[in-house]
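Chain naming here is simple, since letters A, B, ... match the order of the sequence lines and numbering starts at 1 in each. Values below: every heavy atom of this structure, side chains too, minus hydrogens, waters and symmetry copies.
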Protein chains: 2
Amino acid sequence: MVPFGKHPDVPPEILALRAGLAAIDDAGLDQRSIQAIFVGTAFGGTAMGQKILRHAPWGQRPVINVENACASGSTALLEAATWVASGRCDVALAIGVDTPASQGGGLIPLPPDDPLAAVGIPLPALYALTADHYLHHSGASARELASLVVTSRRHAAANPYAFFRTPVTVEEVLQSRPVAEPLTLFQCCPNADGAAAAVVVSAARARQLGTKVRLRAGQLRSGRVQSRFGPQSVVALTAREVYEAAGIGPEAIAVAEVHDAYSSALPPALEKLGLAPPYEAAARLAWGDYDYQGAGPVVNPSGGLLSRGHPPGATGLAQVFEVVTQLRGQAGARQVAGARVGLIQNQGGTVLDLETNAVAILLLTDS
Amino acid sequence: MVPFGKHPDVPPEILALRAGLAAIDDAGLDQRSIQAIFVGTAFGGTAMGQKILRHAPWGQRPVINVENACASGSTALLEAATWVASGRCDVALAIGVDTPASQGGGLIPLPPDDPLAAVGIPLPALYALTADHYLHHSGASARELASLVVTSRRHAAANPYAFFRTPVTVEEVLQSRPVAEPLTLFQCCPNADGAAAAVVVSAARARQLGTKVRLRAGQLRSGRVQSRFGPQSVVALTAREVYEAAGIGPEAIAVAEVHDAYSSALPPALEKLGLAPPYEAAARLAWGDYDYQGAGPVVNPSGGLLSRGHPPGATGLAQVFEVVTQLRGQAGARQVAGARVGLIQNQGGTVLDLETNAVAILLLTDS
């Protein structure tokens with residue numbers, strides 16, 4: 001991946017190319033061995049993959065642009081994996097990219113006909129309503145919610161790819177500009193330009209290359225609103241399905257990259273992923289259960305969206321990058337000791353009546 | 001599919017839903033048996049698939065939006081087929097949709113930073129340059145090129161899904177408004193709103209359902225400019241690969257739906273598909289070789305893009321709809337007698353240095 005941040009002078013297709021080249025190089029492959037290319041972008045417009053081709057010798061190959069809101073990157077990865085699984089190819093490249101900081105920042109744009117936005121509910125308001133519900137039912141405090149940002153910044157300080165790497169205090173988080181009560185500015189992930197990529201190879205090629213990290217199970221679902229919190233949430237259903245397909249339960253997970261677009265997104269996500277009992281995650285997070293010395297898996301050692309920044313199309317693949325780095329034991333100062341099983345949850349988007357446009361949950365292991 | 005034309009009062013997601021429901025019904029399936037949904041749109045904006053979910057009980061499933069310019073529909077089909085081939089699911093739905101007529105018509109929008117458009121080469125100009133080259137090298141006449149529209153309208157007259165069904169004469173084509181010399185208005189495909197869909201099932205489900213039509217081979221490629229006309233064209237390379245994978249050569253094809261976005265696109269496409277020798281297709285088309293009484297396959301019995309109209313995301317699936325209808329012997333007055341093998345070529349988009357953003361070629365058989 002490329003460091004997330006501000007890249008006003010670099011077109012998105014060039015950021016994407018850099019991330020793609022880094023992934024190919026990291027895999028020990030030649031560019032020409034790439035057989036199919038999947039590019040996820042939420043707001044990069046049309047033909048992103050084809051624009052990349054102008055600068056790389058990847059023409060004459062299948063190129064498919066995919067869009068699933070903030071889950072576009074993990075969607076690209078799942079498509080690459082599906083092509084390999086189907087036998088259509090042995091080596092596929094997934095890239096995710098977006099440049100919201102250079103496009104002006106601000107709120108993630110919703111379609112002009114979006115019925116939620118039309119009644120005054122853009123994304124931060126939706127997450128604020130979620131926060132209200134969660135705090136009410138869990139008994140957690142706004143201060144505990146704010147403390148999640150403190151942990152996020154501390155983790156990010158050790159991640160050279162993260163955008164916001166300066167530590168903050170709970171007071172600074174609470175005193176930052178109000179965005180949507182109870183969420184303050186620091187509790188909303190920053191816009192960042194960025195790209196991330198991953199190479200997916202068949203089992204046979206993995207043996208040749210000595211690749212160790214394996215996608216054990218992955219699933220993608222769009223969700224009608226059954227429940228935003230309970231076990232009928234589409235995120236919870238998808239997680240259960242992934243655990244079952246992998247034959248690995250949440251108790252085995254050492255590291256998890258979770259979609260914390262807002263501080264209030266993190267506790268319910270951990271609960272839906274089976275990593276905390278209902279309405280207990282916020283308190284446990286605040287106590288440090290999901291930190292390096294805690295009992296649970298280390299959550300968002302990269303700093304997560306809250307500190308790494310959120311180029312929507314790239315985020316899912318940045319999460320993959322972090323988990324792969326951890327499972328290889330190459331995460332340096334932010335290494336989770338002995339991490340052998342990692343989880344990714346990438347989701348996003350809002351369409352009336354839907355819990356999420358898409359959630360992708362991936363379970364990776366170190367062999 | 002839904003009839004292509006003007007649907008100013010119907011949102012694209014509703015057109016898409018209608019096409020999807022028609023395909024599910026046609027397949028003899030219940031809506032709930034759909035396991036994954038792929039939606040191709042070039043200009044419909046973000047979250048098209050998720051917007052459809054608001055109106056259908058298809059939540060909790062994987063939904064993936066794909067974009068490959070005017071090949072978005074065939075890309076959605078290939079993704080559905082790849083998911084089924086990979087074993088991820090048994091029943092997948094592909095939908096393509098766009099509403100350019102309701103969005104104002106006119107030229108297909110190119111990105112603001114498009115380098116070709118910046119020097120005055122929007123799509124009609126590119127196809128006009130192609131026409132110049134082709135007429136020069138083939139010795140064909142502008143009148144022969146115009147005559148292809150006459151055939152297209154005659155075919156479309158028998159297709160209730162086509163937008164332009166009124167016959168025209170060569171004089172009317174030549175006298176219609178000049179767009180880009182030598183192309184006149186009638187030689188450019190009309191903007192149309194529309195949606196089309198197809199259900200893809202595994203071989204096991206096909207046996208249960210009694211489904212006869214089979215996707216024997218399909219491939220998608222993006223193309224660097226090696227040659228827009230010769231055997232090194234990415235369209236020619238892709239066609240050869242599809243024939244090899246299918247074990248079926250061009251001589252076996254009874255019906256072909258070819259991407260005639262402009263009259264000048266059709267002759268080179270037939271040559272690249274191996275259906276005519278180099279620079280002979282225009283004359284052969286004008287003589288009627290590819291008409292119902294001709295020696296070659298019947299080309300564009302639907303009327304093609306020139307008469308059916310061109311909602312970019314839907315066109316590839318409309319071509320599939322036509323070929324499937326033909327292979328089933330259900331095409332009524334436009335039936336190609338005894339059609340057992342059909343070909344689809346769907347392509348489009350322009351990015352500097354690329355021959356095409358994507359070309360998809362599919363070979364279907366009746367068993």
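A side-chain donor-acceptor contact under 3.5 Å links Asn65(B) to the backbone of Glu67(A). Side chain of Arg224(B) to backbone of Gly59(A): no donor-acceptor contact under 3.5 angstrom is found. Judged by distance alone, the side chain of Asn68(B) and the main-chain N or O of Val63(A) form a donor-acceptor pair under 3.5 Å.
At a 4.5 Å heavy-atom cutoff, the contact between Thr75(A) and chain B is made by side-chain atoms alone. Both the backbone and the side chain of Arg54(B) come within less than 4.5 Å of a heavy atom in chain A. Heavy-atom distances place the backbone of Ala42(A), and not its side chain, under 4.5 Å from chain B. Heavy-atom distances place no part of Ala69(B) under 4.5 Å from chain A, backbone and side chain included. Heavy atoms closer than 4.5 Å to chain B are found in the backbone of Ala56(A), but not in its side chain.
A distance of 11.5 Å separates NZ of Lys51(A) from CG of Leu354(B), quoted to the nearest 0.5 Å. The line from CZ of Arg61(B) to CG of Leu220(A) is 13.0 Å long, rounded to the nearest 0.5 Å.
A 6.0 Å sphere centred on CD of Gln31(A) holds more than 12 heavy atoms belonging to other residues, nucleotides or ligands. By the 6.0 Å contact criterion, CD on Glu241(B) is enclosed, its count of non-hydrogen atoms from other residues, nucleotides or ligands being greater than 12.
For the set Ile64(A), Ile37(A), Val234(A), the count of heavy-atom pairs under 4.5 angstrom toward chain B peaks at Ile64(A). Per-residue heavy-atom pair counts under 4.5 Å with chain A were compared for Gly49(B), Ser86(B), Ser222(B), Ala71(B), and the maximum is reached by Ser222(B).
Side-chain contact between Pro62(B) and Gln219(A) is present, with at least one heavy-atom pair separated by less than 4.5 Å.
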Working note: Glu79(A) + Thr82(B), criterion side chain to side chain contact (heavy atoms under 4.5 Å, CB included); need CA distance, chi angles, decisive distance, verdict. CA-CA 9 Å; Glu79(A) 288 308 286; Thr82(B) 303; over 6 Å; no

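Residues Gln50(B) and Asn357(A) come closest through the heavy atom pair NE2-O, 2.9 Å. Between Gln60(A) and Gln232(B) the shortest heavy-atom distance is NE2-O, 4.3 Å.
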